Every structure is written in structure tokens, then in C-alpha cells.
Amino acid sequence: MLLEIVSPEAQLFSGEVTSVSLPGVDGHFQMLNNHAPIVSILQKGIVKITAISFKFTKESEGLFTKVNDQNYTLAINSGTIEMKDNKVIVLAD
């Protein structure tokens, strides 16, 4: 599935991922390929991304923390998420 993470300043990430875990207001939740459509509010926490490979821009690379070759995390303060047709858009603050 395609994941896009956008902040007010720039696009932080865009690429194919196998899963994404997000800090929802009612707790963490994970989305995999073919997840049902969803719109949700995010709270302060950690976004966990799993993918076969990662490509970051030089401006955004320092915002992500490498867990291992297939997992990165990103700390956010708040945001929203929309998942539809295997495309996940995270508007992160």
C-alpha cells in the first residue's frame, strides 16, 4: 500500500509500505494492505512504518528513527489519517 506522510512544512515520506501503526486517540492501531477505509484523529505518539525499502529526502531523513532495515519510526504531536483504496495519507503535526 502507498503511504504518504505530510507536515505543514513538507512531504516527509512517500512510498510503498507493508504496514503502518499509528497513535489514535483511543489507542494505537495498525493498518495492513487492503484495510477498510478509515478516517481518524491522531494524538501525540510514534508512527511505526514497515517496508521492504525506504527512500527519504535529505530534509526529512533526520526526523525518522531507524529501528532496523525494514522499520522506521516518526514522532508526531497530532494529526489525521485517511485510508482509502490502499492509499494511506497522514497529515502530521
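No hydrogens, no waters, no symmetry mates; every other heavy atom, side chains included, goes into these values. Each residue takes its place number in the sequence, starting with 1. Just so you know, these numbers come straight off a predicted model, no measurement behind them.
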message: Restricting to non-hydrogen atoms, name the atom on His28 and the atom on Ile46 that form the minimum distance, rounded to 0.1 Å.
response: CE1-O, 3.6 Å
message: Side chains of Ile81 and Met31, heavy atoms from C-beta outward: is any pair under 4.5 Å?
response: yes
- line: Looking only at heavy atoms, the pair that brings Phe29 and Ile38 closest together is CE1-CD1, 4.3 Å
message: Donor-acceptor pair, distance only, cut-off 3.5 Å: does the side chain of Asn68 make one with the backbone of Gln70?
response: yes
query: Transitively linked via ILVMFWY side-chain contacts under 4.5 Å: Met1 with Leu74?
result: yes
query: Looking at Ile52, Leu3, Leu2, which hits side chain to side chain contact (heavy atoms under 4.5 Å, CB included) with Glu16?
result: Leu2
message: Quick check for you: to the nearest 0.5 Å, what is the distance between Leu12 atom CG and Glu61 atom CD?
response: 12.5 Å
message: Classify the ring geometry of Phe13 against Phe54: parallel below 30°, tilted from 30° to 60°, perpendicular beyond 60°.
response: tilted
message: Do Ile76 and Leu63 sit in one hydrophobic cluster, given that two such residues count as connected whenever their side-chain heavy atoms are within less than 4.5 Å of each other, even indirectly?
response: yes
4.5 Å side-chain heavy-atom contact, Gln30 and Val20: no
task: Decide whether Val17 and Phe64 are clustered together by the hydrophobic rule: side chain heavy atoms of Ile, Leu, Val, Met, Phe, Trp, Tyr closer than 4.5 Å, transitively.
output: yes
- request: Side-chain contact test, heavy atoms from C-beta onward, threshold under 4.5 Å: evaluate it for Thr73 versus Val67 and give yes or no.
  value: yes
- prompt: Do Leu91 and Val88 belong to the same hydrophobic cluster, where Ile, Leu, Val, Met, Phe, Trp and Tyr are linked whenever their side-chain heavy atoms lie under 4.5 Å apart, directly or via other members?
  reply: no
query: Is a donor on one side and an acceptor on the other found under 3.5 Å between the side chain of Ser78 and the backbone of Leu42?
result: no
field: same_hphob_cluster(Val6, Ile49) at 4.5 Å side-chain heavy-atom cutoff
entry: no
- request: Indicate yes or no: at least one non-hydrogen side-chain atom of Pro8 is less than 4.5 angstrom from one of Asp93.
  value: yes
query: Between atom CG of Asp26 and atom OG of Ser40, what is the distance when rounded to the nearest 0.5 Å?
result: 7.5 Å
- prompt: Between atom OG of Ser19 and atom CG of Asn71, what is the distance when rounded to the nearest 0.5 Å?
  reply: 7.0 Å
- request: Kindly indicate whether the side chain of Val47, heavy atoms from C-beta on, has any atom under 4.5 Å from the side chain of Pro23.
  value: yes
task: Would you give the length of the straight line joining atom CD1 of Ile89 to atom CD of Gln11, rounded to the nearest 0.5 angstrom?
output: 9.5 Å
message: Closer than 3.5 angstrom, by distance alone: can the side chain of Asn86 be matched with the main-chain N or O of Asn34 as a donor-acceptor pair?
response: yes
message: Within the supplied structure, the quantity of interest is the number of heavy atoms (other residues, nucleotides, ligands) at a distance under 6.0 Å from Asn33 CG; does it exceed 12?
response: yes
message: Please report the interatomic distance NZ(Lys55) to OG(Ser14), rounded to the nearest 0.5 Å.
response: 11.0 Å
